[in-house]
Undergrad: 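One structure, pasted below without further comment.
Numbered from 1 within each chain, the chains take letters A, B, ... in sequence-line order.
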Number of protein chains: 2
Amino acid sequence: MQKITIKDIARECNVSLSTVSLVLNNNPRISEATRAKVQESVRRHNYQPNNNARGLASRSSLAVSVVVPHLGHVFADVYFGEIISGIYDQAADDGYKVMLDIANEKFLSTKEYLGLLRSRKADGMLFIGANITDEFPMEFQESAYPFLLVNHFYPKTSLNYLAMDYRESAHKAVEHLVGLGHRHIGLVRGTNTHTGIEFAEAFEDYCIELGIDPQHLHTVDGGDDWDLESGYAATQQLMQKSKKITAIMAGNDRMAIGAISYLDKKGIQIPGDISVMGVDDIHSAAFSSPSLTTIWHDLYELGKQSFKRLLALYKKEITTCQERLPVTLIVRDSTGPVSVIE
Amino acid sequence: MQKITIKDIARECNVSLSTVSLVLNNNPRISEATRAKVQESVRRHNYQPNNNARGLASRSSLAVSVVVPHLGHVFADVYFGEIISGIYDQAADDGYKVMLDIANEKFLSTKEYLGLLRSRKADGMLFIGANITDEFPMEFQESAYPFLLVNHFYPKTSLNYLAMDYRESAHKAVEHLVGLGHRHIGLVRGTNTHTGIEFAEAFEDYCIELGIDPQHLHTVDGGDDWDLESGYAATQQLMQKSKKITAIMAGNDRMAIGAISYLDKKGIQIPGDISVMGVDDIHSAAFSSPSLTTIWHDLYELGKQSFKRLLALYKKEITTCQERLPVTLIVRDSTGPVSVIE
DNA sequence: GGTTTACATTAAAAGGCTTTACCATGCAGA
DNA sequence: TCTGCATGGTAAAGCCTTTTAATGTAAACC
């Protein structure tokens, strides 16, 4: 328990502190022989460099802050779990720790998001889950601190972000549905995120571009929850708007599953009568009945890449990041050709 | 951006470094006048002490590691969200940061749980969500590092824990149901946690103690998922086991809601024909139909208290912690007196 | 008036690592 | 033989606080 330090290792190996430090940091200047000797000693003593000393000397904390919104059910969403797992794994690979922060009242009012960086508790900050109304990220526009929005963006700002390509998602979805012959399409959209809006707009635009009569395009708001209930209720609305709809596109899988459950209850065949599509490809999408056709958003990879971008920003390898990650169409059983009887 | 340090503050205020430090740490030895002067300067410059320097000097990291299991859906559970929120808020109050760790393969195989503490990246560790098969906590039995299991325990070990009082939960539930006249009772239990087992055993024991015929007590395994589906399936089993059951106790609310959905589907009246109870009092318990009678486990408070205990262990204010938190019976509409016609 | 006490402040020693500039040494090329 | 240059290693400064023992000063005591 008496803490062992770099000094102890150095003494035992008959080398200087610097040498041990260089070995620890994989500096190639040290010969293989010395390196091996030091590493062996380190292993034998279970030596772990003191993180604070390291951070102090190297002027970095080797930690990033991951900020999640203060929703009661923030974690009640596979969404966050996947992204955080990705961030975590990549951070671990790069020797970084992940610090969790919740954007609650105190966090915002005390401007802790700045304090964290000022005090070097974190080298940078990732923000997952920006509602259209979130204000604090704006303060990072002029700031030199590394800050990155994960799967969100604010139009007309210089804020860094890495997000899924919602525009491409919309295109792939439209292509798939229109390709199956659907001409009367319902869209269930979320309205509280810029990505959601982007998706809905792109979806509508591309439908029209492919020749769908705007009159045959029916959009309803799924609300802010992106939940089964939202999808259920929105589908009910859609059904009242038009009897001719043969395909329903939901802004995420959970709303899509909610849509399925409504249609199922009403005895409507999927995809015989109506096709249903989602976005994300959450685990349960493959297990709904029928299994859900969706646009796969690789959120785990998004997490990993987000961390990488943040680290690159921190190291000044890049100075800006406003990127999109590709998406994949996953065809399952919830979509099919429109039935011949028009 | 040119980092400002304690030295700058000291110079500007014409005091020594020590004075500034003492002010920062609310040491009462400093006069009001000096204190005010320093604080003003600190505020004006947005000065935040360097966390690494602070940690190095004070031999602590001011961070704790919160370890969650590596389940795909770890966060897909209000359970974790509530506890983590509690931990986070209390930690923030005490000036601590929360570091997130995931007990994945790498974390376990590289024994990072020890490395974190050795390297002083964290002052202590909280582990949420111990499956009966988790092995790594055992290594903390002889270790001097502060370690606390949150809402779990391992029988016959000296591992520190803070958990809800599942025994009391069982007692309150039994009292409630038996008090309503129920004599044929079904129990849906989870089998992969020691707390779940404890609850089930206590429930059965106390039923018998209150005079229930063991023959009239029917227990089925809800499996490891503690999910709606588990509750649904388990209830189906129960119904096959005995036609006389008038009350069903589920190990958690989600299984209880699953039970309700099964009974509902079968046209069985709740609580007219059968009463249903859960444990936890998750948000949706109040909104199920009928609203769910349950034992409230204040998980947010559990999170807060867990952090407090860990900090106390770290500061050696206590040397051990094997405590329970009280629970509360919440009577709603899913339970009622057994119907008179026997 | 001299001595305690109490209070407010400070100097200086850690704390454990990274990093830069510099020092040997050995060897190839001239 | 001498110069030049890798190569491998080291000394020492620096990172920014906390903390302890010491100092100075003013008020309180006998």
Side-chain angles (χ1 to χ4, degrees), chain A residues 1-39 41-42 45-63 95 97 115 117-121 123 315, chain B residues 1-39 41-42 45-63 95 97 115 117-121 123 315:
Chain A
M1 208 55 189
Q2 67 292 5
K3 50 222 151 197
I4 126 151
T5 75
I6 199 173
K7 212 182 263 181
D8 302 314
I9 303 293
R11 192 180 310 119
E12 174 171 299
C13 297
N14 282 316
V15 296
S16 69
L17 299 191
S18 336
T19 304
V20 178
S21 174
L22 292 173
V23 168
L24 254 31
N25 293 294
N26 292 313
N27 188 306
R29 256 196 325 194
I30 305 298
S31 70
E32 263 319 309
T34 313
R35 176 183 306 280
K37 181 171 60 176
V38 170
Q39 282 172 340
S41 172
V42 164
H45 290 88
N46 269 324
Y47 166 68
Q48 300 253 357
N50 178 307
N51 199 242
N52 285 130
R54 178 181 273 221
L56 182 58
S58 64
R59 295 149 193 74
S60 85
S61 64
L62 296 179
K97 292 305 305 171
L117 296 163
R118 284 209 192 95
S119 64
R120 292 227 167 349
K121 282 178 187 159
D123 289 347
K315 293 184 176 171
Chain B
M1 207 54 190
Q2 66 293 4
K3 49 224 151 193
I4 127 152
T5 76
I6 200 173
K7 211 183 265 182
D8 302 313
I9 303 293
R11 192 180 312 122
E12 174 171 299
C13 296
N14 283 317
V15 296
S16 70
L17 300 191
S18 334
T19 304
V20 178
S21 175
L22 292 173
V23 169
L24 255 31
N25 293 293
N26 292 313
N27 189 306
R29 261 190 326 186
I30 305 297
S31 69
E32 264 317 311
T34 313
R35 175 182 308 279
K37 182 172 58 175
V38 170
Q39 281 171 340
S41 172
V42 164
H45 290 89
N46 270 323
Y47 166 68
Q48 301 253 356
N50 179 308
N51 199 242
N52 285 130
R54 175 178 272 211
L56 181 58
S58 64
R59 294 149 193 74
S60 84
S61 64
L62 296 179
K97 294 304 305 171
L117 296 163
R118 284 210 192 96
S119 65
R120 293 227 167 352
K121 282 179 186 157
D123 290 347
K315 293 185 175 170

Undergrad: For the side chain of S58(A), counting heavy atoms from C-beta on, which of dT18(C), dT10(C), dG8(D) is nearest?
TA: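 In terms of side-chain proximity for S58(A), the closest of dT18(C), dT10(C), dG8(D) is dT18(C).
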Undergrad: Can you measure L17(B) atom CG to dA11(C) atom C1' for me and round it to whole angstrom units?
TA: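 Value for this atom pair: 10 Å.
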Undergrad: Looking at the side chain of S31(B), which of dC15(D), dT17(D), dA8(C) is the nearest nucleotide?
TA: dA8(C)
Undergrad: Quick one: on DNA chain C, does A57(B) or E32(B) contact a more 5' nucleotide (nearest heavy atom)?
TA: E32(B)
Undergrad: Within this structure, what is the CG-to-C1' distance between N52(B) and dT17(D), rounded to whole angstrom?
TA: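 Result: 11 Å.
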Undergrad: The side chain of N50(A) lies closest to which of these nucleotides: dG15(C), dG8(D), dG16(C)?
TA: dG16(C)
Undergrad: Between atom CZ in R120(B) and atom C1' in dT18(D), what is the gap in whole Å?
TA: 15 Å
Undergrad: Please confirm whether the shortest side-chain N or O distance from S21(B) to OP1 or OP2 of dT19(D) is below 4.0 Å.
TA: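 Result: no.
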Undergrad: Is it true that the side chains of T19(B) and S16(B) contain a donor and an acceptor less than 3.5 Å apart?
TA: yes
Undergrad: Side chain of T5(B): nearest nucleotide among dT17(D), dT9(C), dA12(D)?
TA: dT17(D)
Undergrad: What is the distance, to the nearest angstrom, from the CD1 atom on I30(A) to the P atom on dT19(C)?
TA: 13 Å
Undergrad: Give the minimum heavy-atom separation between R29(A) and L22(A), together with the two atoms involved.
TA: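 Heavy-atom minimum between the residues: NH2-CD1, 3.8 Å.
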Undergrad: Could you tell me how far apart I4(B) (CD1) and dC16(D) (C1') are, to the nearest whole angstrom?
TA: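 After rounding, the reported distance stands at 13 Å.
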Undergrad: So if I take every side-chain heavy atom of I6(B) and compare against dT18(D), dC22(C), dT18(C), which nucleotide ends up nearest?
TA: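 Nucleotide nearest to I6(B)'s side chain: dT18(D).
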Undergrad: Which atoms form the tightest heavy-atom contact between S61(B) and K121(B), and what is the distance?
TA: OG-O, 3.4 Å
Undergrad: Name the nucleic acid region contacted by V15(A), choosing base, sugar-phosphate or nothing; use a 4.0 angstrom heavy-atom cut-off, strictly under.
TA: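 Answer is sugar-phosphate: V15(A) comes under 4.0 Å of backbone atoms only.
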Undergrad: It should be established whether Y47(A) places a side-chain nitrogen or oxygen under 4.0 Å from OP1 or OP2 of nucleotide dG16(C).
TA: no
Undergrad: Does T19(B) place a side-chain N or O at less than 4.0 Å from the phosphate oxygens OP1/OP2 of dT10(C)?
TA: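 Indeed, a polar side-chain atom of T19(B) lies that close.
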Undergrad: Of the nucleotides dT17(D), dA14(C), dC17(C), which has the atom closest to the R59(B) side chain?
TA: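 Selected nucleotide: dA14(C).
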Undergrad: L22(B) has an atom CG; how far is it from atom P of dT18(D), in whole Å?
TA: 9 Å
Undergrad: For DNA chain D, whose closest nucleotide is more 5', that of P49(B) or that of R29(B)?
TA: P49(B)
Undergrad: What integer distance in Å separates L56(B):CG from dG14(D):P?
TA: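 Roughly 17 Å, once rounded to whole Å.
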Undergrad: Testing the basics here: between S60(A) and D123(A), what is the closest heavy-atom pair and its distance to 0.1 Å?
TA: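 Nearest heavy atoms, S60(A) then D123(A): CB-OD2, 3.4 Å.
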Undergrad: If you compare every side-chain N and O of T34(A) against the phosphate oxygens of dG9(D) (OP1, OP2), does one of them come in below 4.0 Å?
TA: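 Checking T34(A) against dG9(D): at least one side-chain N or O falls below 4.0 Å of OP1 or OP2.
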Undergrad: What integer distance in Å separates I9(B):CD1 from dT17(D):C1'?
TA: 14 Å
Undergrad: How long is the gap from CG on L56(B) to CG on N51(B), to the nearest 0.5 Å?
TA: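 The CG atom of L56(B) sits 11.0 Å away from the CG atom of N51(B).
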Undergrad: Side chain of A53(B) only, heavy atoms from C-beta on: which candidate in dC17(C), dC16(D), dT9(C) is closest?
TA: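 Nearest to the side-chain atoms of A53(B), counting from C-beta on, is dC16(D).
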Undergrad: Examine the base of dA11(D) for any acceptor or donor lying under 3.5 Å from a partner atom in the side chain of S16(A), and report the outcome as yes or no.
TA: no
Undergrad: Of all heavy-atom pairs between Y47(A) and L24(A), which one has the smallest distance, and what is that distance?
TA: CE2-CD2, 3.6 Å
